[in-house]
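Reading through the structure tokens given below for one structure.
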Amino acid sequence: MKRSHECRAAIYPGSFDPPTDGHINIIKRALKFFDKIIVAVAINTSKQTTFTAAERVRLLKEILGEDPQLEIDTLQHKLLVDYAHSKGARVILRGLRTFEDYEYEFQMALANKQMAPDIETVFMMTESQYSHLSSSLIKEIVWLGGSGRGMVPPLVEKKLKEKLKR
Ligand code: ADP
């Protein structure tokens, strides 16, 4: 049971390269259930990203605007469970789209549970209009000259077009 002074914070970790309408939908829906959402942009040196971590943070801040319930941060070469502890958060929030997501997420959730039994992974199902959206698919579409409308916020589409200019 929640004690009155306790703040229910959830960490929403991910690459967000770039943030999509699917990510934004998860964040907005989760804000109704948690006191605070900490969006943790992963910095992974072994993974080539289109946008730098600073750019991804800036995009998320511009899209989501100022909100005392929201924090946009970077996750630097640290175990997610250690990061959650350092933030006083007991929940890791993840989105689920496909069966493929499930297999990977299941493994990660169990590993995190083994390392930190006090932390729960909570999954939110995508809404059907976002179920096919992934950052990599949208990058491919924009790279090939397609529109990102209804897939990414207009600012992301603009920045993607600048980045992927051929
Ligand atoms: P990661 O590399 O950690 O998977 P992503 O940026 O691809 O980072 O995704 C971050 C989280 O958002 C993951 O939990 C992923 O399943 C979820 N997610 C991504 N796209 C969608 C979507 N369209 N609808 C719901 N959840 C999504």
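Start at 1 and go down the list; that is how both ligands and their atoms are numbered.
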Which residue owns the protein heavy atom closest to atom 9 (O) of ligand 1, what's the atom, and how far is it?
H23 NE2, 3.4 Å

Is ligand 1 under 4.0 Å from a heavy atom in the side chain of I26, in the backbone, in both, or in neither?
side chain

Distance filter under 4.0 Å to Y130 heavy atoms, resulting ligand 1 atoms:
22 (C), 23 (N)

Let me know which of L93, L80, V91, D73 forms a side chain to side chain contact (heavy atoms under 4.5 Å, CB included) with I11.
L80

Do K113 and T121 have side-chain N/O donor and acceptor atoms under 3.5 Å apart?
no

Heteroatom proximity flag, G14 to ligand 1, N/O under 3.5 Å
no

Does even one non-hydrogen atom of E105 get within less than 4.0 Å of ligand 1?
yes

Taking atom 14 (O) of ligand 1 as the reference point, the nearest protein heavy atom with its distance:
G95 N, 2.9 Å

Atom 4 (O) of ligand 1 has as its nearest protein heavy atom R94 NH2, 3.4 Å

Would you say that E55 contacts P18 through its side chain, given a criterion of any heavy-atom pair below 4.5 Å between the two side chains?
no

Check each atom of ligand 1 against the heavy atoms of Y12 and keep those under 4.0 Å away; list them by number with element.
11 (C), 12 (O), 17 (C)

According to the interplanar angle, ranging from 0 to 90°, do the rings of F99 and Y102 count as parallel (below 30°), tilted (30 to 60°) or perpendicular (above 60°)?
parallel

Close approach, P13 and ligand 1, non-hydrogen under 4.0 angstrom:
yes

Students should be able to answer this: which protein heavy-atom is nearest to atom 20 (N) of ligand 1, and at what distance?
R97 NH1, 3.2 Å

Numbered in order shown, the ligand 1 atoms found under 4.0 Å of a heavy atom of F16 are 6 (O)

Just one of V41, I26, I38 clears the side chain to side chain contact (heavy atoms under 4.5 Å, CB included) bar with Y12, so which one?
I26

of all protein heavy atoms, closest to atom 24 (N) of ligand 1 is T126 OG1, 2.9 Å

Do other residues, nucleotides or ligands put more than 12 heavy atoms under 6.0 Å from the CD atom of E162?
yes

With clusters defined by side-chain heavy atoms of hydrophobic residues (ILVMFWY) lying less than 4.5 Å apart, directly or transitively, does L164 cluster with L137?
yes

Geometry only, no angles: is Y104 polar-contacting ligand 1 at N/O separations under 3.5 Å?
no

Heavy atoms only: give me the nearest P153-I63 pair and the separation to one decimal.
CG-CD1, 3.8 Å

More than 12 foreign heavy atoms under 6.0 Å from CE of M115: is that the case here?
yes

May I ask you to check if ligand 1 and S15 share an N or O to N or O distance below 3.5 Å?
yes

